[in-house]
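Presented below is the structure to which this report refers.
Proteins get letters first, then strands, A, B, ... in listed order; numbering begins at 1 in each. Just so it is clear, the values below take in all heavy atoms, side chains as well, and ignore hydrogens, waters and symmetry mates.
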There are 2 protein chains.
Amino acid sequence: MYRPLARLSAAEAVFNAIRGDIESELIPVGSKLNSEATLSQQYGVSRSVIREALRSCTALGLTVTRTGKGTFVVASKVANDLTLGQYSARDLTEARPHIEVPAAGLAAERRTPEELDVLRGIVAAMATETDPESWVALDSSFHATIARASGNRVFASVVADIRDALAHQSETLNMVADRQHASDVEHQEILAAIEAGSAENARAAMAHHLEAVGVALDSILNN
Amino acid sequence: MYRPLARLSAAEAVFNAIRGDIESELIPVGSKLNSEATLSQQYGVSRSVIREALRSCTALGLTVTRTGKGTFVVASKVANDLTLGQYSARDLTEARPHIEVPAAGLAAERRTPEELDVLRGIVAAMATETDPESWVALDSSFHATIARASGNRVFASVVADIRDALAHQSETLNMVADRQHASDVEHQEILAAIEAGSAENARAAMAHHLEAVGVALDSILNN
DNA sequence: GCTGTCCGGCTGTCTGACAGGTTCACGCCT
DNA sequence: AGGCGTGAACCTGTCAGACAGCCGGACAGC
């Protein structure tokens with residue numbers, strides 16, 4: 001009575017199998033999948049098919065693959081903010097300096113006294129904040145406020161988007177513990193430059209800060 | 001001042017490029033991508049890399065690939081119900097008969113007079129309904145009511161899930177125009193069997209209905 | 001004890017090949 | 001002339017084998 005639909009391709013079948021194992025947590029988050037060669041033998045298909053299946057898992061954010069090491073499970077289910085979180089950590093880290101550094105320079109020249117007050121308040125609050133999530137929220141405000149203080153609506157809007165995306169990434173939180181104190185110091189330097197009205201120093205301080213953050217994120221992504 | 005993150009693999013780079021073209025609607029929805037061999041030449045990489053990149057697009061629901069025909073753009077952005085819409089049209093069509101057919105049989109034996117009234121009302125409404133979306137909603141109610149009438153909470157729950165997922169798929173709507181009248185007739189036959197208390201006839205009528213729907217969906221998926 | 005080097009394992013990519021699905025035009029038959 | 005089958009061209013799906021580059025650990029030398 002029942003006629004099946006078109007056959008699944010081998011790659012789809014393997015993808016379904018692996019995805020099922022991951023979503024059922026049969027393969028727990030954090031663990032390493034078998035090597036492509038091993039999976040190839042296990043499923044009785046060529047390595048090309050395995051790679052395409054893993055590529056699907058990676059596209060859905062279930063796994064990450066690192067050259068020379070293997071493929072690792074990073075989530076047991078598909079994140080539902082795949083749409084909104086359209087920026088990858090790499091995209092963000094790469095783009096930030098190009099936007100936030102010039103924005104900091106403009107902010108040093110154009111900031112109002114009120115904006116300075118806000119920034120001082122944020123920096124002070126961060127120094128005593130111990131909860132990582134709250135600290136990240138303050139960090140977002142700090143950078144967003146500087147972008148607004150640049151007087152350029154494009155910078156303000158883009159930085160707001162970037163901060164929003166960053167706040168939704170687990171790497172951000174993982175990084176806080178190591179970077180919190182260092183970031184506080186760097187923030188103070190940025191603030192000082194903006195207070196002094198030195199665009200050059202503000203750009204340098206912001207560049208230094210983002211560089212350090214980028215390095216930290218990089219090491220987390222490749223550990 | 002700025003050190004880039006780890007290089008993107010060729011497959012990731014090509015994926016980003018194609019995804020960008022799709023999301024910017026530079027490659028409009030409905031159009032066909034160049035063949036894998038052609039893309040291979042265009043991007044200067046091997047066909048394997050192209051296939052992995054396209055596999056990523058397909059995993060995100062941006063494209064579908066059909067053997068012997070090519071790869072087609074089906075969405076300009078990643079759907080945000082990738083999580084919820086965890087069932088593919090294929091999954092649904094494949095599973096439905098195994099659940100709804102026995103449920104119809106049980107419903108014929110266990111339905112209450114009140115449930116019969118509800119079903120009659122739905123069938124009557126569908127016969128005069130012209131708006132496709134409203135018709136689909138009634139269709140969902142019809143199948144869900146039968147599942148509830150089976151007296152088996154598992155069937156009721158599963159069918160509700162299935163109907164919910166189906167209602168969110170564009171293929172469902174595309175199919176209505178062609179199938180509406182035929183489905184109305186088939187629904188009447190199912191209702192008649194359930195009214196008569198004939199489990200055998202109810203199963204047969206439901207099986208026939210789902211078979212016809214499956215064929216229609218199949219032709220849409222492979223047109 | 002520390003360091004540097006080497007090796008085995010793994011991913012990233014390429015090449016070439018063949019099977020099977022799809023389309024279309026050409027030519028044959030009616 | 002019109003319908004029909006058939007084959008050629010093109011496309012995706014899969015396979016096997018190969019090699020470069022990255023990574024981790026073992027092992028020898030200082």
When we call it a touch if two heavy atoms are under 4.0 Å apart, what does S48(A) touch: a base, just sugar-phosphate, or nothing? base
Identify which nucleotide among [options] has an atom closest to any side-chain atom of [X], counting heavy atoms from C-beta outward.
X	options	value
R47(A)	dT14(D), dT12(D), dG12(C)	dG12(C)
R51(B)	dT14(D), dC14(C), dT13(C)	dT14(D)
S9(A)	dG13(D), dT12(D), dC15(D)	dG13(D)
K69(B)	dT14(D), dT22(C), dC14(C)	dT22(C)
E36(A)	dC14(C), dG12(C), dT14(D)	dG12(C)
T67(B)	dT13(C), dG21(C), dC14(C)	dG21(C)
S35(B)	dC14(C), dG13(D), dT12(D)	dT12(D)

Take the protein atom [atom1] of [X] and the nucleotide atom [atom2] of [N], then report the distance between them rounded to whole Å.
X	N	atom1	atom2	result
Q41(A)	dG9(C)	CD	P	13 Å
I50(B)	dT13(C)	CD1	C1'	12 Å
K32(B)	dC10(D)	NZ	P	12 Å
R66(B)	dT23(C)	CZ	P	10 Å
F72(B)	dC11(D)	CZ	C1'	10 Å
E52(B)	dG13(D)	CD	P	14 Å
F15(A)	dG13(D)	CZ	P	15 Å
E12(B)	dT11(C)	CD	C1'	12 Å

With nearest nucleotide decided by heavy atoms, which residue, A10(A) or G68(A), maps closer to the 5′ end of DNA chain D? A10(A)
Using a strict 4.0 Å threshold on nitrogen-to-oxygen distance, state whether K77(A) and E23(A) make a salt bridge. no
Are the side chains of V74(B) and L62(B) in contact, using a 4.5 Å heavy-atom criterion? no
Determine the interplanar angle of the H143(B) and H209(B) rings, folded into 0 to 90°, and report it as parallel if under 30°, tilted if 30 to 60°, perpendicular if over 60°. parallel
Give the intermediate values and the outcome of side chain to side chain donor-acceptor pair (under 3.5 Å) for residues S183(A) and Q180(A). CA-CA 5 Å; S183(A) 281; Q180(A) 190 162 349; over 6 Å; no
Could you tell me whether a side-chain N or O of S141(B) sits under 3.5 Å from a main-chain N or O of A137(B), the two making a donor and an acceptor? yes
